[in-house]
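Please read the structure below before turning to the comments.
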Amino acid sequence: MKKRLQTPVYVTQPAMPPLEEYIFYLQQIWDSRILTNNGPFHQQFERELADYLGVKYLSVFANGTLALVTALQALHISGEVITTPFSFVATTHALWWNNIKPVFVDIEPEYFTLDPEKIKAAITPQTTAIMPVHVYGNPCKCSAIQKIADTYGLKVIYDAAHAFGVKIKGTSILHMGDLSVLSFHATKTFSTVEGGAIICQDAQMKRHIDHLKNFGFEDEVTVVEPGINAKMNELQAAFGLLQLKHINKYISRRKEIANLYRRELSGVKGIRFLNDMEGVDHSYTYFPILVDSLLYGETRDELYVRLKANNIYARRYFYPLISQFPTYRGLASAKPENLPVASKVAEQVICLPIYPHLEPETVNHIANMIKYK
Ligand SMILES: Cc1ncc(COP(=O)(O)O)c(C=O)c1O
């Protein structure tokens, strides 16, 4: 029996930049007394973030959920939207808040993103868009999805909440589709405490989104549409500017931890992990493993309970499937028979702790817990 860890290890912990560096920004906010409403840090953060991500048009938000809700508004999406059940519940809630009917389509078994092969069968005359998720930061099969969207005249909105900085052959995946949405929640690779962004493809759309996140105001006296209040404030924006200075280090630490888990867990019977995709720069937001109980000799839930008893708080992301929650389970597309791959993955998956300051000894300890029952 391995020794129980003294202090709890959570699935994630935010990376905190040096406090004295944040005080430098806070002092400027105190001096200017500008706390929100497209202040100087908000503007600077949008510019520097767009540069970092390698995109041209981006609008930052108070959080990722409001960004998703607004993205759907920005494109006037209505009727039915095809989406994945294997995600955080906010993906589907954003549809619900827009009075849109979610239509769940199964995921592919390798990287758990929406399966393009199964999208066509779910399209009806009411379908207006596809909302796939780059789940765990794994890029969706974007070309196949775009082909279907073009054929049927559908919009594509990517939930890229997990995909900060993800690139394919050096190009940001945020260029895919009509809009992409990031989350900067404290649990994410890049955080502004709470926060998010919409990435769009032209200046006109950015202007539209900027209006929508600020009650629809175009200028002091002109309200051009019924917007919401989804603005990022100056304290968040300053925190984001500071985090940008450290993000490369955070991502490379996460990569080291992922590779350490892979080294330690390779060859463990019944445990499967995901390898990096060829030519992709990953975000390493999560480290999911799948437990095949017959081969491993313990179910995923037994492993979860055993880790917890040892002060290791792994999380079963994403279980239950969104399609199993009471709001959605009555939908025809929510039936488990319609979603065999997602249903199986949701039963087997568990995400192990990963964050930049997680000690290699702790990673080894967790891996040993999994290796030696
Ligand atoms: C896939 C996904 N979509 C949307 C969200 C919502 O983002 P936020 O928490 O910033 O509102 C999250 C996580 O929080 C998420 O994991």
Side-chain angles (χ1 to χ4, degrees), residues 36-78 81 83 90-91 93-100 128-134 142 146 149 154-165 172-185 188 190 192 194-234 236-237 240-241 244:
T36 187
N37 286 4
N38 196 26
F41 284 135
H42 179 289
Q43 293 177 34
Q44 189 185 345
F45 181 46
E46 282 198 345
R47 282 194 305 273
E48 292 193 18
L49 182 61
D51 273 357
Y52 178 86
L53 293 170
V55 300
K56 217 162 160 193
Y57 302 103
L58 163 160
S59 183
V60 294
F61 274 73
N63 62 59
T65 304
L66 282 170
L68 277 174
V69 168
T70 306
L72 292 159
Q73 287 274 325
L75 295 173
H76 306 289
I77 304 298
S78 61
V81 169
T83 191
T91 309
H93 280 352
L95 297 171
W96 206 258
W97 273 69
N98 277 293
N99 218 3
I100 295 164
T128 55
I130 308 172
M131 193 155 80
V133 180
H134 300 300
C142 299
Q146 196 58 53
L154 308 175
K155 300 285 187 196
V156 183
I157 298 152
Y158 282 103
D159 181 338
H162 305 164
F164 186 89
S172 171
I173 56 165
L174 302 172
H175 292 294
M176 304 294 179
D178 295 278
L179 300 175
S180 291
V181 174
L182 290 168
S183 163
F184 308 143
H185 185 255
K188 301 294 188 284
F190 178 86
T192 56
E194 296 270 2
I198 301 181
I199 291 82
C200 59
Q201 315 301 348
D202 62 70
Q204 197 184 344
M205 179 57 80
K206 169 160 164 61
R207 224 173 8 258
H208 179 40
I209 290 167
D210 286 346
H211 294 158
L212 281 175
K213 77 175 178 191
N214 186 29
F215 310 99
F217 275 108
E218 188 178 66
D219 60 40
E220 240 178 87
V221 290
T222 318
V223 173
V224 288
E225 49 198 333
I228 197 164
N229 181 3
K231 301 184 300 289
M232 176 177 277
N233 68 50
E234 288 293 277
Q236 287 171 288
L241 279 166
L244 276 181

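From a predicted model like this one, the values you see are computed outputs, not experimental measurements.
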Does [X] have any side-chain contact (heavy atoms from CB on, under 4.5 Å) partners at least two apart in sequence or in another chain, and if so, which?
X: Q44; result: F41, R47, E48, L241
X: V224; result: H211, E218, T222
X: Q204; result: D202, R207

What's the shortest heavy-atom distance between A94 and L68, and which atoms? CB-CB, 3.6 Å
For a quick test of reading the model, state the closest non-hydrogen atom pair linking S78 to T128 and the distance between them. O-OG1, 2.6 Å
Matching residue for L174 among L182, L179, I198 - test: side-chain contact (heavy atoms from CB on, under 4.5 Å): L182
[X]: what forms a ring-ring contact (aromatic ring centres under 6.0 Å, His included) with it, not counting sequence neighbours?
X: W97; result: none
X: H162; result: Y286, F318
X: H185; result: none

Mind checking side-chain hydrogen bond (donor to acceptor under 3.5 Å, both in side chains) for [X] and listing every partner two or more places apart, or none if nothing turns up?
X: N99; result: none
X: S180; result: none
X: Q146; result: D150
X: D178; result: none

Between the side chains of K188 and E194, is the shortest nitrogen-to-carboxylate-oxygen separation below 4.0 Å, so that they form an ion pair? no
Taking the side chain as every heavy atom from C-beta outward, state whether [X] and [Y] have any pair of such atoms under 4.5 Å apart.
X: D159; Y: P132; answer: no
X: H208; Y: C200; answer: no
X: I100; Y: L72; answer: yes
X: Y158; Y: M131; answer: no
X: M232; Y: T192; answer: yes
X: N38; Y: N214; answer: no

Under the side-chain hydrogen bond (donor to acceptor under 3.5 Å, both in side chains) rule, what pairs show up with a residue in residues 67-76, not counting sequence neighbours? Q73-N98
What's the separation between atom NE2 in H42 and atom OG1 in T36, rounded to the nearest 0.5 Å? 7.5 Å
Expected list for residues 52-64: side-chain donor-acceptor pairs under 3.5 angstrom, two or more places apart:
{"residue": "Y52", "atom": "OH", "partner": "N248", "partner atom": "OD1", "Å": "2.6"}
{"residue": "S59", "atom": "OG", "partner": "D210", "partner atom": "OD1", "Å": "2.6"}
{"residue": "S59", "atom": "OG", "partner": "K213", "partner atom": "NZ", "Å": "2.9"}
{"residue": "N63", "atom": "OD1", "partner": "T65", "partner atom": "N", "Å": "3.0"}
{"residue": "N63", "atom": "OD1", "partner": "L66", "partner atom": "N", "Å": "2.8"}

What is the ring orientation for F164 with F184, classed by angle as parallel under 30°, tilted 30 to 60°, or perpendicular over 60°? perpendicular
Determine yes or no for a side-chain-to-main-chain donor-acceptor pair under 3.5 angstrom, with E225 supplying the side chain and A74 the backbone. no
Is a donor on one side and an acceptor on the other found under 3.5 Å between the side chain of S183 and the backbone of G196? no
Could you go through V81 and I130, starting from their C-alpha distance and side-chain angles, then the distance that decides it, and tell me whether this counts as side chain to side chain contact (heavy atoms under 4.5 Å, CB included)? CA-CA 5 Å; V81 169; I130 308 172; 5.8 Å; no
Within a radius of less than 6.0 Å around NZ of K155, do more than 12 heavy atoms belonging to other residues, nucleotides or ligands occur? no
Compute whether any side-chain donor of one residue and acceptor of the other, for N233 and K231, lie under 3.5 angstrom apart. no
